[in-house]
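Naming convention: chains lettered A, B, ... in sequence-line order (proteins, then strands); numbering from 1 in each chain.
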Amino acid sequence: VSELLRRFRYPLLYLLLAAPCIAVMASARGPAELGLGSRLVMTITLPLERMVALPVEGARGWWMQLTELVRVRQENAELRDRLAQLEEENLQYREAIVASERYQRLRAFGANREVPMVPANVVHQDLSPWFQSVIIDQGTTAGIRPGMPVVTDSGVVGLVSGAAPGASKVMLLIDPQSHVDAYVQRSRARGSVHGASDEGAAFEYVLREEDVAVGDLLLTSGLDAIYPKGLVVGRVAEVSRPPSQVFQHTRVRLAVDFRKLEEVFVILERRQLPAEEAFATSDESLWAEPAPDSAATSEPTGNPELPEPRP
Amino acid sequence: LIALRLAALALGLLLVQRVVVELLPAALRPDLVLAFAAAMGLQRTRSTAGLLLAFGVGFALDVLSGAPLGLYSWLRGTACVTTRVVDRALYLRAPLPWALYCAVYALLDWVLLAGALHLLVPGAAPSWTEVLGRAPLAAALTGACAGPLLGVLRRADQQTDRDPAWTVGSSVGHRVRP
């Protein structure tokens, strides 16, 4: 027997070990408490495994972070490109929205006027340090002639001082050569708005006893034979009445922001001075002395076919 | 002392297997513990200790995995015994035959695993399609790792007690049949 046992020791040992294994496996019925052997194996191996796993996991995490960093860097570059592209698109869209609003306003402005008008874009700003003019992209081809008034939905811009087939030069209201006959809407006090370059404009030739106050709205009087009556010029910004002078000094904050001028309307109407009888029946009082501005008096040669000035 | 040294080696392999599991996807994991258990079947003078170690390492796998208790113990013990039987008929003690044998046995191990589970724990059994899909690559990788592992085991054992059984594959030794 001992000889047999020694001879078949190995297969017997295998059977002895395998049989309980299969029995345990076959009898396994769901979750159960771990036995002593299992707890022993866990107690021995798990701390060691943890010791091995920690640096491995650390190295793996480091590698993952490195690869992630490379990926993030690439993604960042792509996103930056995309952002720049979107910002560019966004800028164009915003510009389009602003332009659209402006065009709508201008169209509404043009639609509300009975006089024929030509829209034009400002394409050039005056380069000289003293004069204030712009060049627009419409000219004689569109019917524009020198002396025609130029306006926006905000108010008076100036007048056409020169015209070519495809472009026109516009003298702005703030040009020192510019004079516009205007009146105070509230008190009907009349005077002349004179361009003062960077300082805006002054409301001149207003007698010191006339009722002018800060914030009063100035409108074109229509008596300078250039601008139709009732266009907004600006508001009184400052009034002073030096005691020794006949006229009060008034600074005007113009309605149009000339630094942001982009689109304008040219009124296709060159007006003539109304006849003396017209003044006699008008409710607007006309001063006895002639207007001091050459611009107000130097363009009486209007086109007789163009419509008469509106009341 | 030798058995303890081999047990430490088994523990080391378990830890290496843990690293392999951490780093490689499931389909690309070689079964180093299987290679170790099979190598225990090559032991001549310490065959009983080898068989116990194979079962023990399988038991550790049982405990440390979600397998039903006893499954890997039986599989690794069977691997050890099968190797011992095959070693009598075929020459396995060189890296290339050993690698080929381990690859083939890894396939058989998958079949045994799936068969045992289908038979005893049907709820946990992988489908045969899954086995066919995953086993070949894993078996090939196990074989690829088994060749170098045999060298490591042999060197460790030789440094321990100069067991002539491990020198069979080397140029200086001779094969000893029991």
Measure across A/Y10 and B/S47 and return the closest heavy-atom pair with its distance rounded to 0.1 Å. CE1-O, 3.3 Å
Residues A/C21 and B/G70: closest non-hydrogen pair is CB-O, 3.4 Å
For atom CH2 of A/W63, decide whether the heavy atoms of other residues, nucleotides or ligands shown that lie under 6.0 angstrom number more than 12.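 No - once you tally the heavy atoms of other residues, nucleotides and ligands closer than 6.0 Å, there are 12 at most.
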Counting heavy atoms not belonging to A/R80, are there more than 12 under 6.0 Å from its CZ?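 No, because the 6.0 Å sphere around CZ of A/R80 holds 12 heavy atoms or fewer from other groups.
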Quick one: what part of B/L71 sits under 4.5 Å from any heavy atom of chain A, side chain, backbone, both or neither? both
[atom1]/[X] to [atom2]/[Y] distance, rounded to the nearest 0.5 angstrom?
X: A/L17; Y: B/F59; atom1: CG; atom2: CZ; result: 12.0 Å
X: A/M25; Y: B/L75; atom1: CE; atom2: CG; result: 7.0 Å
X: B/T78; Y: A/I22; atom1: OG1; atom2: CD1; result: 7.0 Å

